[in-house]
Amino acid sequence: MYRAPRGTTDILPGEQAYWRYIEQKAAGICQLYGYERIDAPTFEDTDLFTRSVGEETDIVTKEMYTFEDKGGNQLTLRPEGTAPVCRAYLEHGLHNQPQPVKLYYMASIFRYERPQAGRYREHHQFGYEAIGDADPALDAEVIEMAWRFFTSLGLRQLTLELNSIGCKKCRPRYLAAIKDHYTSHRRELCPDCKIRLQRNPLRLLDCKNPSCQGVADSAPRSTDYLCPECEEHFSRLKGYLKLPFTINHRLVRGLDYYTRTVFEIQPEEGGAQSTIGGGGRYDDLIEELGGKPTPAVGFASGLERIILNLKKQNVPIPPLPKPRVFIAHIGDEARDEAIKLASRLRQTGIGVIEATGKKSLKAQLRQANTLGARHAVIIGEDEIRTGTVILRDMTGAEQNVIASSQLEAELREGSL
RNA sequence: GUGAGUGUAGCCCAGUGGUCUAAGGCGCCAGGUUGUGGCCCUGGAUAUCGAGGGUUCAAAUCCCUCCACUCACCCCA
């Protein structure tokens with residue numbers, strides 16, 4: 001028997017209410033803040049991601065779904081959402097619009113990882129980007145918007161962590177300090193960290209291995225190494241931010257393009273895969289992709305993890321609407337009549353489910369009940385002869401014989 | 001990629017070598033009124049016991065390999 005590929009999952013009808021709920025809230029928030037939707041292709045040139053995400057990152061070195069198409073092009077299923085948006089910004093000359101350009105997306109993301117709760121090979125992200133402005137007020141807006149998104153969903157007990165990792169001017173100095181510090185404690189480090197020391201020193205900071213904790217605790221802090229501009233940017237951001245946050249000096253993100261502001265939001269009682277959203281500023285990325293120097297800041301969240309937390313916190317989700325009328329019929333003649341009737345009702349915008357096959361009336365009504373229909377319309381030989389139908393209220397047990405021509409009016413009065 | 005745990009019908013699961021041609025509950029189907037649901041009662045269908053191989057007179061039960069899921073590491077949404 002075939003199964004969905006590892007790390008992928010079917011979203012069955014019973015789960016859809018969560019997805020529609022989140023999509024609706026996301027779209028509402030974006031409208032509130034002036035972000036417009038963009039949909040980029042599912043795959044892009046492999047280069048786009050290696051350039052933007054960083055050649056030494058895990059995402060690029062071992063997690064991308066990369067393939068060659070029949071024309072010999074090197075393509076990759078998008079492993080993140082920011083680079084494609086930036087590519088589109090450049091490709092379509094969006095710098096000619098008033099800056100910042102504010103865009104949002106909802107898209108599948110693909111990473112070849114070992115699946116776990118809250119981690120899949122295909123997952124879905126809602127994210128947004130504000131491109132073309134370096135004002136720290138914009139960072140604050142992006143963060144506040146993320147917070148408002150989560151709280152509007154009904155999520156509670158969230159924490160916001162914040163840090164600044166500097167820019168290309170001041171970061172080298174900080175990286176050197178980190179390297180010095182870790183080199184002098186080299187013997188205490190776990191094997192992974194010895195590799196990180198060479199390849200990606202920033203990542204040393206968020207190693208959770210106990211043996212590295214002491215070294216990390218005493219490590220130099222990025223905020224002590226910021227250049228005056230970054231320093232001012234960070235302090236203005238903190239001033240604008242009207243949310244409870246904690247500075248996490250060890251917060252660095254896994255993608256290389258981040259500069260200055262980085263942030264993460266997680267539920268207080270988080271497990272291993274707890275972060276539900278995060279983002280930051282990436283002032284050099286557009287230039288790196290071939291554009292003019294263009295500052296930008298963005299955010300992304302994982303929908304599967306949001307749903308996980310909605311369930312954990314028992315947040316009530318509005319049910320999806322479905323047809324409220326069920327048409328049951330007895331006999332072939334009635335069946336023909338039922339088909340016509342269903343068509344007539346739908347024509348006037350009344351949702352209808354019609355019994356099919358040759359089930360007993362009992363079975364048909366049982367089905368109406370399980371489907372949650374408010375009303376059952378019953379047609380048999382008697383009704384056909386007299387031009388009537390039986391309209392049964394499924395919430396109670398009352399039913400009336402009414403003229404078939406009166407049905408629409410009756411159903412409308414029944415507050416459908 | 002590493003380590004640990006788990007894998008019996010659509011779902012939850014009993015069963016640890018023969019009495020298992022696999023139990024129970026939910027769900028599904030049908031009957032209990034000849035044209036009427038929800039509760040109740042009765043009956044029925046659905047399991048190559050994750051896959052393959054091995055040990056044994058005998059395997060859902062023991063061993064090996066693989067696959068998947070869960071948890072932790074790693075990484076991140």
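Reminder, nothing fancy here: chain letters follow the sequence lines and each chain counts from 1.
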Check every strand shown and say whether A:Phe126 touches a base, only sugar-phosphate, or nothing at a heavy-atom separation below 4.0 Å. nothing

Describe the nucleic acid contact of A:Arg111 in one word from base, sugar-phosphate, nothing, applying a heavy-atom distance below 4.0 Å. base

Partner residues of [X] under the salt bridge (Lys or Arg N to Asp or Glu O under 4.0 Å) criterion, sequence neighbours left out:
X        : value
A:Glu36  : none
A:Glu408 : A:Arg344
A:Arg121 : none
A:Lys169 : A:Glu229

Per-nucleotide protein contact string for nucleotides 3-10 of chain B (B base, S sugar-phosphate only, - none; heavy atom under 4.0 Å): B-------

Roughly how many Å is it from [atom1] in [X] to [atom2] in [N], rounded to a whole number?
X        : N     : atom1 : atom2 : result
A:Arg119 : B:G1  : CZ    : C1'   : 11 Å
A:Gln364 : B:G35 : CD    : C1'   : 10 Å
A:Tyr128 : B:A77 : OH    : C1'   : 14 Å

Donor-acceptor pair present, A:Glu383 side chain and B:G35 base, under 3.5 Å: yes

For [X], which residues count as a side chain to side chain donor-acceptor pair (under 3.5 Å) partner, sequence neighbours excluded?
X        : value
A:Gln347 : none
A:Arg281 : A:Asp139, A:Asp283
A:Gln364 : none

In whole Å, what separates the [atom1] atom of [N] from that of [M]?
N     : M     : atom1 : value
B:G15 : B:U8  : P     : 14 Å
B:A51 : B:U36 : C1'   : 48 Å
B:U61 : B:C29 : C1'   : 33 Å

Scanning all shown strands, the Watson-Crick or wobble mate of B:C57 with both distances under 3.5 Å is B:G18

With both distances under 3.5 angstrom, what nucleotide forms a Watson-Crick or G-U wobble pair with B:C28? B:G44

Between A:Glu56 and A:Arg203, does at least one N-O distance fall below 4.0 Å, as a salt bridge requires? no

Carboxylate-amine/guanidinium contact A:Glu141 A:Lys102, below 4.0 Å: yes

With the criterion being N/O to N/O and under 3.5 Å, what pairs connect the protein with nucleotides 36-40 of chain B, and how long is each?
from, atom 1, to, atom 2, distance (Å)
B:U36, O2, A:Arg392, NE, 3.4
B:U36, O2, A:Arg392, NH1, 3.1
B:U36, O2, A:Gln399, OE1, 3.1
B:U36, N3, A:Gln399, OE1, 2.9
B:U36, N3, A:Gln399, NE2, 2.9
B:U36, O4, A:Gln399, NE2, 2.8
B:G37, N7, A:Arg392, NH2, 2.6
B:G37, O6, A:Arg392, NH2, 3.0
B:G37, O6, A:Gly396, O, 2.3
B:G37, N1, A:Met394, O, 2.9
B:G37, N1, A:Gly396, O, 3.1
B:G37, N2, A:Asn369, OD1, 2.8
B:G37, N2, A:Met394, O, 2.3
B:G37, N3, A:Asn369, OD1, 3.3
B:G38, O4', A:Asn369, ND2, 3.1
B:G38, N1, A:Gly396, O, 3.2
B:G38, N2, A:Thr395, O, 2.9

Applied to residues 213-224 of chain A, the salt bridge (charged side-chain N to carboxylate O under 4.0 Å, His left out) test, sequence neighbours excluded, yields A:Asp217-A:Arg250

Mapping A:Arg6 and A:Asp382 onto RNA chain B by nearest heavy atom, which one lands closer to the 5' end? A:Asp382

Which one of A:Arg51, A:Lys168, A:Arg171 satisfies the salt bridge (charged side-chain N to carboxylate O under 4.0 Å, His left out) criterion with A:Asp284? A:Lys168

Please determine, for the side chain of A:Ile330, which listed nucleotide (B:G35, B:C75, B:A30) has the closest atom? B:G35

Contact check, residues 157-166 of chain A vs RNA chain B, heavy-atom distance under 4.0 Å, returns none

Does the side chain of A:Arg203 get closer than 4.0 angstrom to OP1 or OP2 of B:C74 through an N or O atom? no

With sequence neighbours left out, write down each residue that passes ring-ring contact (aromatic ring centres under 6.0 Å, His included) with A:His92, or none if nothing qualifies. none

